[in-house]
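Sequence lines set the chain letters: A, B, ... in the order given, protein chains first and strands last, and positions in each chain run from 1. Basis for what follows: all heavy atoms, side chains included, without hydrogens, waters or symmetry-related copies.
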Protein chains: 2
Amino acid sequence: MAEATTDRARLTVLAGPTAVGKGTVSADVRSRYPDVWLSVSATTRPPRPGEVDGVHYHFLPPEEFARMVSDGEFLEWAVVHGRNSYGTPRGPVEERLAAGRPALLEIDLQGARQVRQTMPEAHFVFLAPPSWEELVRRLEGRGTEDAEERQRRLATAEVEMAAAAEFDHTIINDDVTRATDELVALMGVTTPERTA
Amino acid sequence: MAEATTDRARLTVLAGPTAVGKGTVSADVRSRYPDVWLSVSATTRPPRPGEVDGVHYHFLPPEEFARMVSDGEFLEWAVVHGRNSYGTPRGPVEERLAAGRPALLEIDLQGARQVRQTMPEAHFVFLAPPSWEELVRRLEGRGTEDAEERQRRLATAEVEMAAAAEFDHTIINDDVTRATDELVALMGVTTPERTA
């Protein structure tokens with residue numbers, strides 16, 4: 001039985017360029033490795049239909065979010081598009097780590113850089129596409145065919161790919177199952193998939 | 001003569017909530033305190049009419065911006081709205097500081113938090129409105145009267161105001177001239193305004 005140990009565990013931060021498939025890998029971790037705890041973000045935006053408080057997000061009133069900012073209770077936070085605030089509450093992460101449980105935080109590049117400030121002992125993993133061409137293909141599947149917009153998106157991807165240098169480790173997302181297995185192995189999770 | 005000294009100077013980072021008047025204070029520093037050097041951001045977005053390279057921004061091709069990210073040459077950088085990248089090149093700041101020259105960086109809250117990671121010895125100054133009511137007035141002068149949008153903007157401002165706790169010092173922007181004078185005094189700039 002690979003159960004929780006009493007040694008303090010380490011937070012693993014997973015980030016990468018837009019459209020690389022972070023969400024898909026996280027979902028795969030969630031479904032196949034239930035021993036890994038995934039951080040749930042807090043947000044001031046209202047829930048969308050089907051979203052469950054505490055599962056998809058912690059939906060907080062702005063005054064509570066502001067209090068947590070003021071009290072330094074976020075590992076990272078940001079206002080996105082000037083409209084809504086998002087953040088990673090420190091408390092639940094600390095609890096899991098103190099209990100020796102592996103914890104995963106899937107986040108954007110800027111958020112990852114903030115966590116390097118607030119929890120420098122975390123392990124920073126960059127999820128990369130198998131190739132530049134594949135990333136371009138995924139980005140192009142996402143939206144308009146407007147030439148200028150396409151150009152911007154590729155320029156952004158080029159910059160985001162360069163951020164790999166800021167990370168401790170890179171995982172190539174050539175195959176979701178393989179990338180997930182590599183990620184949890186890096187996290188020291190030796191539990192095989194539950195078969196019972 | 002208050003001239004450059006040979007002691008290493010310290011970077012001052014000025015941030016604050018949306019619409020508090022950071023740009024106005026920076027412009028006032030520029031016009032009345034020419035001894036203060038203001039950092040110029042780099043960006044991948046194309047220049048707008050009237051914008052001068054090296055003055056308003058350093059306009060960089062995405063591949064050069066990406067190289068600088070990869071080589072760790074930014075004090076902070078971000079992709080904004082998924083479209084354009086902005087960053088603060090470390091080199092020019094280091095040069096001014098090494099020459100003992102006061103340097104000022106006006107930046108958003110997330111950028112300021114990144115600089116706390118990359119240059120922790122910097123001095124972090126939060127520009128605050130004279131009152132919550134005044135900030136609301138300034139925000140409302142900015143845009144649509146859509147009720148939901150207004151609500152979001154106030155919620156964002158509430159969160160941004162809470163970020164003051166992350167800073168070393170707060171300056172109240174009740175009067176631009178006074179706020180500027182307080183800022184440069186904090187920076188140790190004793191040079192009176194040039195009259196000759």
Would a hydrophobic clustering, with Ile, Leu, Val, Met, Phe, Trp and Tyr connected at side-chain separations under 4.5 Å, put B:Tyr86 with B:Ile107? no

Under a 4.5 Å side-chain heavy-atom rule over Ile, Leu, Val, Met, Phe, Trp and Tyr, are B:Tyr57 and B:Val80 clustered together? yes

Between B:Thr156, B:Thr118, B:Asp71, B:Asp108, which residue shows the highest count of heavy-atom pairs closer than 4.5 Å to chain A? B:Thr156

Heavy-atom pairs under 4.5 Å with chain B are the metric here; pick the option from A:Ala163, A:Ala165, A:Ser70 that has the most. A:Ser70

Are A:Arg152 and B:Pro46 side-chain neighbours, meaning at least one heavy-atom pair lies under 4.5 Å? yes

Membership question, hydrophobic clusters at under 4.5 Å side-chain separation (ILVMFWY): are A:Leu186 and A:Val29 in the same one? yes

In terms of hydrophobic clusters joined by side-chain contacts under 4.5 Å, are A:Trp132 and A:Ile172 together? no

Any side-chain heavy-atom pair of B:Ser85 and A:Glu158 under 4.5 Å: no

Determine whether B:Arg153 and A:Arg83 make a side-chain contact, defined as any pair of heavy atoms from C-beta on separated by less than 4.5 Å. no

Is chain A contacted by the side chain of B:Gln114, its backbone, both, or neither, given a heavy-atom distance below 4.5 Å? side chain

Minimum side-chain heavy-atom gap A:Glu166-B:Val69 below 4.5 Å: yes

Given that the side chain runs from C-beta out, which part of B:Leu154 has a heavy atom under 4.5 Å from chain A: side chain, backbone, both or neither? neither

Closest heavy-atom pair and its distance - B:Pro62, A:Ala155: CG-CB, 3.4 Å

Is the shortest side-chain N to carboxylate O distance from A:Glu76 to B:Arg113 below 4.0 Å? no

Please tell me whether A:Val40 and A:Phe74 are part of a single hydrophobic cluster in this structure, the criterion being side-chain heavy atoms less than 4.5 Å apart. no

